[in-house]
J.: 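Please read through the structure below; I'll follow up with questions.
Since this is a predicted model, take the numbers as computed values, not measurements. Each chain gets a letter, A, B and so on, in the order the sequences are listed, and its residues count up from 1.
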Amino acid sequence: MQRIGVFVCHCGTNIAATVDVKKVTEMALHEPGVVHAEDYQYMCSEAGQELIHKAIKEKHLTGLVVCSCSPRMHETTFRNAAEKAGLNPYMVEIANIREHCSWIHKDIEEATEKAVILMRAAIAKVNLDAPLKPGESKVTKRALVIGGGIAGIQTALDIAEAGYPVDIVEKTPSIGGRMSQLDKTFPTLDCSSCILTPKMGEVNAHPNVNIYTYSEVESVAGFVGDFTVEIRKKARSVDMDKCTGCGVCQEKCPSKKTPSEFNRGLDTRSAIYTPFAQAVPNVPVIDRDACIKFKTGKCGVCSKVCQAGAIDYDQVDEIITEKYGAIVVATGFDMIKLDKYDEYAYSQSKDVITSLELERIMNAAGPTGGHLERLSDGKAPKEMVFIQCVGSRCADERGKSYCSKVCCMYTAKHAMLIRDKYPDVNVTVFYIDVRTPGKNFDEFYRRAVEEYGVNYIKGQVGKVIPQPDGKLLVQGADLLDNKQILKEADMVVLAAAIEPNPDVRKIATMLTASIDTNNFLTEAHAKLRPVESPTAGIFLSGVCQGPKDIPETVSQAGAAAVKAIGLLAKDKLLTNPCTAHSDELMCNGCSQCANVCPYGAISYEDKEVNDHGVREVRRLAVVNDALCQGCGACTVTCPSGAMDLQGFSNRQILAEVDAICR
Amino acid sequence: MQELINRAKELLADGTVARVLGWKAGDLPYNPEPAYFEKEEDFADFVYNGFCGANLSKYMIEASKLEGKTLVCLKPCDTYSFQELMKEHRVDRDKAYIIGVGCKGKLDIEKIKAMGIKGIQGISGAEIEDAAETLTIQTIYGEKTCAYKDAMLERCHVCKGKDHMVFDETIGESKETKDADRFEEVEKIEAMSPEEKFAFFQKELSKCIRCNACRNVCPACSCRKCVFDSNKFDSAQKANVDSFEEKMFHIIRAFHVAGRCTDCGECSRVCPQGIPLHLFNRKFIKDIDELYGEYQAGADMEPRTPLTDYRFEDAEPGIVAERG
Amino acid sequence: MKTEKNRAEMIREISGVNPLKCMKCGKCSASCPSYNEMDIKPHQFVSYVINEDIEALANSTSLWKCLSCFACVERCPRDVKPGKLIDAARQIVVRERGQDYLTPDEIPELIDPETPQQLLVSAFRRYRR
Amino acid sequence: MSIEKNEGFRPKIVAFCCNWCSYAGADLAGSSRMTYSADVKIIRVPCSCRVNPMFILRAFERGADGVIMCGCHPGDCHYTSGNFYARRRMTLLFSMLDYIGVENGRTRVEWVSAAEGAKFSQTMHEFVDKITSLGKNVRLEDLRCRN
Amino acid sequence: MYKIAKENLTALFQKIAAEQELYLPVKNAGQVNFGVWTEDAEVDLDTLKSVKSPKDVFFPQSETLYTCIRDGKKIKVEPEALKEQNFVVFGMKACDVKGVEVLDKVFLVDPLDTFYAARRDHGTIVALACHEPEETCFCKVFGVDAADPSSADVATWIIDGMLYWKPLTEKGEALTESVKDLFEEDGSAEGTIEKEQEAIRGIVEKLPYMHLSLEGWNGDVLMEKFEDPLWEELYKPCLACGTCTFVCPTCQCYDIKDYDTGRNGVQRYRCWDSCMYSDFTMMAHGNNRKSQKERFRQRFMHKLVYYPANNEGMYSCVGCGRCVEKCPASLNIVKVIKAFQKQGGEQ
């Protein structure tokens with residue numbers, strides 16, 4: 001049985017003017033378990049807290065009820081007061097008789113009656129309170145960044161600068177990501193690699209950064225502050241320490257027919273390759289599916305020409321296990337596949353290309369050496385048509401429901417660059433809406449129209465028809481002129497929608513980070529916690545969270561880094577003690593609770609139990625206190641009531657219900 | 001049936017399974033009981049006929065703890081329950097050898113008795129191989145007949161289909177027995193006035209004796225300790241002292257199995273007081289289908305059930321009032 | 001005579017189309033083979049239904065110029081399907097005229113069983129003017 | 001049943017409010033001095049997804065005449081998805097209560113943000129009026145608890 | 001001997017109910033159970049067995065014993081009043097009447113169960129013969145004569161549309177006196193009844209369970225039966241529901257529980273318990289029957305061994321067959337008896 005003290009606050013006249021505090025105090029003494037009751041002008045004052053202190057000491061109180069203002073106001077104050085007097089702070093309950101009573105009722109009798117009931121409910125709850133202690137968990141002072149694009153690079157650099165070691169895991173042979181494939185960037189038109197390459201060098205050289213390229217995350221265990229991650233370092237077949245990056249092997253490699261991933265398949269690469277000249281690390285990998293040595297056993301040219309003796313055909317995948325305190329996801333995006341858009345003839349004509357393919361064509365290091373030409377016959381185009389929103393803003397299953405956000409701007413960039421470099425080429429853009437929210441964005445678009453004479457037509461294209469003479473007949477509509485347009489073009493560029501990197505689903509599952517129907521990672525709060533995942537210790541950087549352009553990506557990357565640093569800077573994490581707990585004798589191990597847990601805090605283990613003499617091994621739910629935030633979703637999902645929430649237990653809430661309805 | 005027996009004996013003999021879970025003939029023509037068969041000679045009593053309505057899935061919870069595999073005979077509808085139990089990790093698929101047995105609709109002795117047929121000595125036409133549409137019943141008071149269809153369990157009139165959801169092999173043909181709309185009764189109640197609804201359920205539930213047969217037979221009610229038996233939740237009830245407790249028990253039970261109930265109909269089959277308990281479960285199934293998309297528990301191994309899932313655009317609870 | 005509101009409602013019901021989903025991209029007009037012969041263009045159909053100006057739609061030549069080729073239905077990114085709207089408008093006009101050129105039992109003899117139903121129905125509406 | 005007929009009837013109403021939005025909304029109603037009936041008593045829960053249907057039935061058993069649950073607006077849940085689960089649970093529960101003939105309107109769910117003090121007070125006004133017009137809860141009451 | 005035409009029974013019920021409570025088989029939502037007679041109750045005398053036995057007329061499924069009311073920090077205890085009004089139970093069958101005898105031997109011995117005793121004192125049993133026994137009946141095995149419910153206060157038979165009424169005890173005479181004006185006397189009734197009884201006994205002979213042997217079951221075989229490995233097999237289909245115990249006319253176990261009503265104090269009540277339940281006889285240290293096998297065994301050991309050991313060989317099964325009809329897993333006492341018999345035969 002508890003020894004409960006009830007303290008009724010006047011709050012000056014805020015409470016006392018409407019609630020008969022003396023009566024409430026007197027009524028308290030009739031309640032079971034109450035051994036002390038008093039009222040005071042301001043319970044939250046020093047003097048008020050002293051009264052509480054004294055009563056705890058003198059009456060050996062085991063629980064407190066404070067009838068005062070909202071617990072959102074002073075719960076912490078009274079908990080601290082209790083702790084100072086040696087009482088567990090979680091043995092305190094607040095009856096909110098100000099905001100929920102005196103301030104909203106006028107009739108003294110009515111308000112007093114309600115205050116007594118609220119007090120009874122709090123007493124009923126404190127009767128079932130148990131002392132709680134916040135848990136502590138350690139923080140491993142190391143961060144993992146998944147993805148080595150501009151988002152991952154920026155996040156890693158910022159964390160490294162703050163003095164914490166960071167590992168980047170990048171799936172491809174080089175960091176750089178999508179940005180390395182771009183030619184110029186809007187709205188400033190600076191060269192993409194000119195701004196990216198130094199960053200790549202910087203991150204590579206940073207003493208706090210360790211980069212695993214050609215590597216993938218294999219598994220993730222643990223929780224905030226203490227993740228254990230297995231990284232699969234795929235066999236590169238080249239010794240990274242020995243290779244000097246001279247490039248002879250690539251030159252001499254006889255297998256040169258593999259479509260280049262970096263150039264979006266517009267040209268080919270050798271079997272031993274670095275994706276692009278500025279690759280970091282500048283160490284090639286052998287594509288074992290394309291390599292003649294691996295396919296037939298005969299060849300070995302690269303090994304012969306390598307003076308450093310770096311070629312190692314026997315290399316095997318390596319699993320690296322590392323501990324991290326924080327994980328940042330920066331897995332980026334890809335363009336959607338266009339196989340469902342037959343009407344735009346993408347698969348029928350080589351001259352219908354995507355915008356990212358155009359980037360490579362425009363790039364000096366690209367398949368055409370930066371010269372704008374038709375891929376079918378190498379001729380210079382005279383008429384170019386850009387089609388917007390291919391697969392974006394789409395209500396059916398062919399495309400994506402969202403706006404890809406970057407297409408309007410990069411199309412303006414492309415149009416402008418083409419008109420600038422090839423003034424004789426006519427450029428027509430078919431658009432639905434031109435969206436340019438961003439600093440200097442609309443000005444940029446207007447320049448394309450006004451200074452460069454790009455022809456913008458409001459209306460979507462219905463069909464692109466390849467003609468026998470190699471031209472492309474574009475059938476579109478001009479909605480403002482109310483005309484149907486038939487236009488012959490030499491090249492058509494499709495602004496295909498972007499989608500999160502398909503690997504993200506696998507990664508999100510490993511991290512128990514939630515993901516939306518479009519495969520974008522969900523943020524902990526759409527407005528207030530946009531760079532955190534609901535799963536503690538997981539942060540989001542770049543397009544994996546939603547479509548964005550480079551400056552936005554970089555700012556988010558910095559924000560994610562700050563959040564990660566904030567976590568790494570802590571020596572220990574105090575965990576909320578109001579967490580869920582499963583009664584092992586009642587748990588069915590059915591996994592329903594884990595399905596609703598937003599934090600992935602529930603796992604299962606096989607454990608031997610002694611159920612009143614029956615010993616058996618059972619599958620049981622185990623809640624990780626460090627991850628559980630105490631929402632209670634699991635408690636209602638659990639049919640047997642095995643899962644309960646400390647501080648808001650089933651019996652406590654039922655006791656409150658009973659007290660109110662009495 | 002002989003094919004089933006032969007195959008079971010074969011699997012037992014070659015050590016594939018350690019025991020067979022099927023039905024043993026009863027001492028009356030209509031009361032076979034679930035039973036384990038471990039030796040060749042046990043099979044003398046093995047039976048599989050129209051009265052083998054019992055869903056053996058639930059027995060597999062205990063059988064999963066035994067040494068070796070258990071061969072279990074599951075009817076098409078039973079396999080939904082089994083799969084749902086697999087999903088909830090309550091049975092071990094590796095410990096089960098499932099023979100999907102054919103079904104031509106199971107019989108309800110209560111329906112036969114309700115026709116005024118009493119003093120039953122023998123029933124023919126209930127064997128699984130019989131093509132007969134009629135049951136011939138020998139009684140102390142003379143021979144009676146009734147149509148097979150008229151003696152079928154309610155659940156067979158709204159059969160989910162002839163396919164087994166999970167099995168190692170199947171033996172025997174099934175027959176399409178569905179001839180009624182699954183939600184017809186629910187709709188009839190929905191159309192009533194609140195007073196009529198209340199009177200209807202008050203009357204039905206007043207018969208409840210809290211024997212817990214519905215709960216204990218239910219494959220979805222597989223809790224080691226039911227909330228209604230547990231002091232931990234402050235919700236233990238052993239008897240219905242007030243009519244409120246009848247409602248509390250049945251509403252909460254239906255709620256706890258909502259999204260997990262396969263509509264196997266065992267609750268209604270076993271209720272000694274003939275309470276149409278499936279009306280609770282089916283109401284939830286209907287609501288789930290209408291509000292969150294058609295869903296059949298036990299038809300797949302997707303971990304999330306309708307109540308452990310959501311969509312942003314889900315209906316608001318106010319829809320209940322709006323629907324009227 | 002039904003009110004314009006009723007008629008608009010009927011068009012929505014018959015076509016199963018929610019015109020409010022349209023984002024005015026014009027892909028339908030861009031795709032339409034009969035575009036030049038139409039007075040009301042395919043991308044405009046939705047506005048007439050939204051504004052409940054069905055009379056104009058009913059008197060429009062477009063109603064009978066539409067070939068029911070369903071290119072617009074196929075390509076519409078918003079699932080609005082102008083071809084179905086126009087087909088529904090056609091149906092309303094035909095119903096209001098109370099016309100019936102063929103009796104139902106004459107039809108099966110006249111058609112190839114492979115013909116898509118939808119094409120058939122809309123062709124009837126179009127050619128029995 | 002008319003409101004006049006129920007004059008003098010004081011309903012018992014239990015309101016479950018989530019700590020982050022609705023309880024704060026109720027606090028705001030208080031600090032803005034927006035009155036509502038004293039018949040409403042609030043129980044604080046961490047999230048609407050903590051509300052077990054058994055709590056609601058228990059309230060009715062013990063003589064409550066109406067039960068309302070308030071949570072963060074869908075999409076704004078402090079725990080990201082709690083109120084989505086709560087929404088499905090309550091929808092099904094309310095539908096079942098309706099199905100067994102409990103008067104529509106004895107239960108309600110309302111999403112109230114921390115900024116919506118006025119909405120909280122308005123909602124409570126409406127709810128108390130509704131329950132007053134429905135009168136005493138007799139269909140879900142345990143007679144042992146009746147006075 | 002008296003008689004009354006079947007169609008005049010409503011008048012009889014009205015007359016009895018005017019004076020005292022009348023319980024009889026009533027059909028509610030398709031099922032027949034004993035209930036209080038009202039003008040619109042659907043009386044059903046044709047269904048042989050009520051789902052529940054009528055034992056709850058004397059031993060209700062739940063009843064309050066006393067209430068504790070808190071006043072400040074004092075507690076007041078208010079015992080529940082005993083039954084003070086007379087009542088009549090009409091239509092109990094011979095087996096059910098025998099069931100009451102079984103209960104009497106538990107509740108009417110020292111320490112006397114005052115709640116039960118009060119109900120027994122105030123209740124008059126009017127029994128009705130079973131005219132069409134069914135295949136699930138095996139009352140004869142336990143010495144019950146379905147044709148002659150003679151241990152009641154009044155025995156009745158319905159033959160050719162006539163109800164024959166034979167008072168047997170003082171209570172029966174008193175009841176008869178109060179309704180006599182509705183009856184006519186029939187001197188030749190004995191003969192009619194004897195003829196009917198012969199017919200009933202003839203049917204009984206043909207019932208499948210009639211020759212069930214109780215050999216080997218008595219109060220002396222406790223350890224032998226208790227330790228028999230057969231239980232390990234028998235219990236397996238049992239679902240641990242309480243159907244058999246709750247429909248049984250002789251199961252007498254109850255649990256005592258508290259219910260906090262809030263403003264009306266804490267009610268201490270008792271309710272039927274079932275040995276099939278996992279918390280049966282749960283004590284502070286836990287449960288002494290840990291497995292379903294032990295709980296299952298308890299029920300049959302009690303009926304066929306423990307009870308006879310304490311009551312001069314009287315079994316606490318009356319062969320009503322309700323468990324045979326209602327068990328969801330088709331288990332029942334007959335199967336248990338037969339299984340042991342078979343095993344005995346083999347040995």
J.: Might you confirm whether atom NZ of A/K483 has over 12 heavy atoms from other residues, nucleotides or ligands at distances under 6.0 Å?
T.: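 Incorrect, the count does not exceed 12.
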J.: For A/Y341 and A/Y344, take the angle between the two ring planes, folded into 0 to 90°, and tell me which bin it lands in: parallel under 30, tilted 30 to 60, perpendicular over 60.
T.: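 Because their plane-to-plane angle is under 30°, the rings of A/Y341 and A/Y344 count as parallel.
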J.: Atom NZ of residue position A/K458 - does it have more than 12 heavy atoms of other residues, nucleotides or ligands inside 6.0 Å?
T.: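 Counting neighbours around NZ of A/K458, more than 12 heavy atoms of other residues, nucleotides or ligands fall under 6.0 Å, so yes.
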J.: Nearest heavy-atom pair of A/P547 and A/I498: which atoms, and what distance?
T.: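 Of all heavy-atom pairs spanning A/P547 and A/I498, the closest is CB-CD1, 4.1 Å.
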J.: Taking it one step at a time, do C/K84 and C/D87 satisfy salt bridge (Lys or Arg N to Asp or Glu O under 4.0 Å)?
T.: CA-CA 5 Å; C/K84 291 208 165 176; C/D87 192 37; over 6 Å; no
J.: Under 6.0 Å between ring centres, would you say that holds for A/F386 and A/Y431?
T.: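 No, too far apart.
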J.: For A/K337, is the NZ atom crowded, meaning more than 12 foreign heavy atoms sit under 6.0 Å from it?
T.: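 For A/K337, atom NZ is not crowded (no more than 12 foreign heavy atoms under 6.0 Å).
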J.: What I'd like to find out is whether the side chain of A/D490 reaches to under 4.5 Å of the side chain of A/K379, using heavy atoms alone.
T.: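 Not in contact.
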J.: Would the number of heavy atoms belonging to other residues, nucleotides or ligands and lying under 6.0 Å from CD of C/E74 be above 12?
T.: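 Count not over threshold, so no.
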J.: Between A/D342, A/L479, A/I485, A/L486, which residue shows the highest count of heavy-atom pairs closer than 4.5 Å to chain C?
T.: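 Top option by heavy-atom pairs under 4.5 Å: A/L479.
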J.: For a quick check under 3.5 Å, do A/S376 and A/D351 share a side-chain donor-acceptor pair by atom type?
T.: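 Present: a donor and an acceptor within the cut-off.
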J.: Which atom names give the shortest non-hydrogen contact between A/L472 and A/P466, and what distance separates them?
T.: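 Here A/L472 and A/P466 meet closest at CD2-CA, 4.0 Å.
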J.: Does anything in residues 38-50 of chain C get under 4.5 Å of chain A by heavy atoms, and if so which residues?
T.: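 C/K41, C/H43, C/Q44, listed by number.
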J.: Out of C/C76, C/A71, C/C72, C/S29, which one racks up the most heavy-atom pairs below 4.5 Å with chain A?
T.: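 Looking at each option in turn, the highest pair count goes to C/S29.
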J.: Most heavy-atom pairs under 4.5 angstrom with chain C, which of A/V461, A/I432, A/D433, A/N482?
T.: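 Of the candidates given, the most pairs with chain C belong to A/N482.
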J.: Do you know which of A/Q484, A/Q475, A/Q388 has the most heavy-atom pairs under 4.5 Å to chain C?
T.: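 If we count pairs closer than 4.5 Å to chain C, A/Q484 comes out on top.
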J.: Residue by residue, which of residues 19-28 of chain C have a heavy atom closer than 4.5 Å to a heavy atom belonging to chain A?
T.: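 Interface residues of residues 19-28 of chain C: C/K21, C/M23, C/K24, C/C25, C/G26, C/K27.
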